[in-house]
Amino acid sequence: MTERLSLYDTTLRDGQQTQGVQFSTEEKQIIAKSLDALGVDYIEGGWPGANPTDSAFFDAAPQTRARLCAFGMTKRNGMSAENDDVLAAVMNANTKSVCLVGKTHDFHVSTALGITLAENTDNIARSIAHLVAQGREALFDAEHFFDGYKANPAYALEAIRAAYDAGARWIVLCDTNGGTLPVEVGRITGEVIAAGISGDRLGIHTHNDTENAVACTLAAVDAGARQIQGTLNGLGERCGNANLTTLIPILKLKEPYASLYETGVSMPALEGLTRTSRMLDEILNRVPQKQAGFVGSSAFAHKAGLHASAILKDPSTYEHIDPALVGNARVIPMSNQAGQSNLRRRLVSAGLDVAKGDPALAEILDVVKAREGIGYSYDTAQASFELLARKVLGRMPDLFEVKRYRVTVERRKNKYDQMVSLSEAVVVVKVDGEKRLSVSESMDETGSDRGPVNALSKALSKDLGQYSAMLEDMRLVDFKVRITQGGTEAVTRVIIDSEDGTGRRWSTVGVSANIVDASFEALLDAIRWKLIRDKGTPD
């Protein structure tokens, strides 16, 4: 028989402590709905009363299957739980579950709080008892527990025992500083259970300061803890928290966890994991980490020809799971290391079926190798490779032709006597047999200049006749520049990452001694690739 593991997400509270991250109320609502669709059991919405955004979230909290949880701290010393206004603000969020943080390390009790150990223990017990008396499910966040246990195990156990005996549903052991290693987490968790704290009321909350948060969490589960706390994409203070986008697929797909435990995440919901991960990055305006396990765009990328050839025969040779299980996809990058089996696999994924032994295969490889020799990189720019292959195969549709373009950047004073820049682009294209001229500036809605490439993108997509509507949901999400040769013959390589309204991402490359020319080449490829995919071709 399987045991149930409870998944507790703290992206909206602990994740918001990440440097540079501040969610709006609307963004928190979107994330909460996505977490609920994924199947987590608890969504910690924030600390009501601590800031206006968190309070507003609870005032207009979305309806979820998952339990919404408010976070706060145990009552302050010298006042009753009933009269503590900070605790009252947390209670007033009216969530069924409330998580209170309290000190369990004697050092922090005496230095940070400046009270006696007995007073701290009493504060914990009375706070939890107050929640239970009000009909709330109580969780106790045992701050600095592992460091506290190593320093004074008797008091650390006394502190969590106070919450346990007062009726806390979950006692959450926290590695607040993130320095405890997996072997220690497993041993201490086991000793806590042996001391009389039932494992089915024990949770684990780890930080990633030693890059061990996931491993520490699994060690606690192995020892008997049955609630897992973490964040999407490992978001969190300093180095982050245990990453739920890693933990969830491990628990669902990897042995012995898949056979021993069940969670609220169904297999169909697991297929939305990659989309959920990238949704969070989109909200944060971050480029997704390509090497992220399970959900990264390179997690199932096979560059070497030997690997790609083996993948064609049996994907399990170089893949630990089927990428589709987590909503990801296999990628066969093209580079000067590619062989014909690698090439054919990549062409098939692009909808281009070329027979084995076709002379065009060798020609495509020759072109790729020659172009990479002058600075192109098709390893990352898969969309540009597909267009190159189409040209060699004679399967490149005639969409539009750029006749000329011009871009200018002007520095001038605005009405506030501040020096500002303004980029303007003029593009002339021939589409449907007709020449069209478009002019666009790069100024955004805030009055800031987004640069010449943005101006070119807006001008190019502004008037492409029948194709303009297809480009309305397209936007540039990343722009990378690298100088591939030094000195007076320097060559610039530009990689552009694009995205559309469906969440589809693609990369294109341009190379030139002129950075604007290189950017424009990559931009043209990005637009043409999207049009081909959306419009379809006779292939």
Side-chain angles (χ1 to χ4, degrees), residues 2-11 14-15 40-42 44 69 99 101-102 104-105 139-151 153 156-157 159-161 163-164 168-232 234 236-265 293:
T2 57
E3 289 188 71
R4 183 68 155 81
L5 294 179
S6 172
L7 298 176
Y8 183 108
D9 182 275
T10 180
T11 302
D14 214 341
V40 301
D41 300 287
Y42 292 85
E44 190 174 76
C69 187
C99 183
V101 61
T104 58
H105 188 175
L139 294 86
F140 178 62
D141 186 285
E143 191 178 29
H144 295 288
F145 177 79
F146 290 96
D147 290 334
Y149 186 90
K150 286 183 280 186
L157 286 171
I160 63 172
R161 171 64 70 179
Y164 188 80
R169 170 63 183 89
W170 293 103
I171 305 296
V172 184
L173 307 183
C174 298
D175 184 29
T176 308
N177 287 357
T180 310
L181 296 179
V183 65
E184 296 176 294
V185 170
R187 174 181 60 81
I188 293 172
T189 302
E191 291 175 4
V192 169
I193 294 173
I197 305 295
S198 176
D200 62 5
R201 291 174 60 182
L202 206 58
I204 180 68
H205 180 117
T206 62
H207 285 257
N208 204 36
D209 297 74
T210 65
E211 294 284 351
N212 277 290
V214 167
C216 286
T217 299
L218 293 174
V221 171
D222 292 341
R226 293 297 176 257
Q227 185 184 85
I228 290 173
Q229 295 201 356
T231 59
L232 287 177
E237 192 174 20
R238 303 187 312 275
C239 304
N241 287 35
N243 190 345
L244 288 181
T245 56
T246 302
L247 280 164
I248 289 173
I250 287 176
L251 297 172
K252 293 290 295 182
L253 305 173
K254 295 294 184 180
E255 296 297 348
Y257 305 102
S259 296
L260 293 176
Y261 307 109
E262 63 180 60
T263 70
V265 180

(request) With sequence neighbours left out, write down each residue that passes salt bridge (charged side-chain N to carboxylate O under 4.0 Å, His left out) with Arg226, or none if nothing qualifies. (result) Glu3
(message) According to salt bridge (charged side-chain N to carboxylate O under 4.0 Å, His left out), does anything in residues 198-208 pair up with another residue at least two apart or in another chain? List the pairs.
(response) none
(message) For Ala156 versus Gly148, what's the shortest heavy-atom pair and its separation?
(response) CB-C, 4.0 Å
(message) Any heavy-atom pair between the side chains of Tyr257 and Leu218 that's under 4.5 Å?
(response) yes
(request) May I have all residue pairs that pass ring pair (Phe, Tyr, Trp, His ring centres under 6.0 Å) and include part of residues 189-213, sequence neighbours excluded? (result) His205-His207
(request) Decide yes or no on side-chain contact (heavy atoms from CB on, under 4.5 Å) for Asp147 and Thr176, but give the supporting numbers first. (result) CA-CA 8 Å; Asp147 290 334; Thr176 308; over 6 Å; no
(message) Please enumerate all residues that pass salt bridge (charged side-chain N to carboxylate O under 4.0 Å, His left out) together with Lys254, with sequence neighbours excluded.
(response) none
(message) Just so I know, are the side chains of Tyr8 and Cys99 near enough to count as touching, which here means a heavy-atom distance under 4.5 Å?
(response) yes
(request) Enter the distance from Leu232:CG to Thr11:OG1 here, rounded to the nearest 0.5 Å. (result) 4.0 Å
(message) Under the criterion side-chain contact (heavy atoms from CB on, under 4.5 Å), I'd like the reasoning laid out for Asp14 against Gln229: C-alpha separation, chi angles, the key distance, then a yes or no.
(response) CA-CA 10 Å; Asp14 214 341; Gln229 295 201 356; over 6 Å; no
(message) Using only atom types and a distance under 3.5 Å, with no angle test, would you say the side chain of Tyr164 pairs donor to acceptor with the backbone of Ser198?
(response) yes
(message) Strictly by ring pair (Phe, Tyr, Trp, His ring centres under 6.0 Å), give each pair with a member in residues 211-232 just once, sequence neighbours left out.
(response) none
(request) May I ask you to test the Thr263-Asp41 pair for a side-chain heavy-atom distance under 4.5 Å? (result) no
(message) Let me confirm one number: the CD1-CG distance from Ile250 to Leu244, rounded to the nearest 0.5 Å.
(response) 11.0 Å
(message) The criterion is salt bridge (charged side-chain N to carboxylate O under 4.0 Å, His left out); which residues satisfy it with Glu143, sequence neighbours excluded?
(response) Lys103
(request) Kindly give the heavy-atom pair with the smallest separation between Pro182 and Cys216, and that separation in Å. (result) N-SG, 3.5 Å
(request) Please name all residues satisfying side chain to side chain contact (heavy atoms under 4.5 Å, CB included) with Glu211, sequence neighbours left out, ordered by chain then number. (result) Asn208
(request) List in chain and number order the residues that pass side chain to side chain contact (heavy atoms under 4.5 Å, CB included) with Ala159, two or more places apart in sequence or in another chain; answer none if no residue qualifies. (result) Thr104, Ile124, Tyr155
(request) Please identify each residue that fulfils side chain to side chain contact (heavy atoms under 4.5 Å, CB included) with Ala220, with sequence neighbours left out. (result) Val185, Thr189, Ile204, Ala225
(message) Filter on salt bridge (charged side-chain N to carboxylate O under 4.0 Å, His left out), then keep only pairs touching residues 179-192, sequence neighbours left out; what's left?
(response) Lys150-Glu184, Arg187-Glu191
(message) Is any side-chain heavy atom of Leu173 closer than 4.5 Å to one of Ile188?
(response) no
(message) Among residues at least two apart in sequence or on other chains, which ones pass salt bridge (charged side-chain N to carboxylate O under 4.0 Å, His left out) with Arg169?
(response) none
(request) Compare every heavy atom of Ile160 with every heavy atom of Ala142, then report the nearest pair and how far apart it is. (result) CB-CG2, 3.8 Å
(request) Would you mind telling me which of Asn241, Asp175, Thr217 makes a side chain to side chain donor-acceptor pair (under 3.5 Å) with Thr206? (result) Thr217
(message) Are the side chains of Leu251 and Leu7 in contact, using a 4.5 Å heavy-atom criterion?
(response) yes
(request) List in chain and number order the residues that pass side chain to side chain contact (heavy atoms under 4.5 Å, CB included) with Thr2, two or more places apart in sequence or in another chain; answer none if no residue qualifies. (result) Glu262
(message) Quick one, Asp209 with Asn177, criterion side-chain contact (heavy atoms from CB on, under 4.5 Å). Give me CA distance, side-chain angles, the key distance, then yes/no.
(response) CA-CA 7 Å; Asp209 297 74; Asn177 287 357; over 6 Å; no
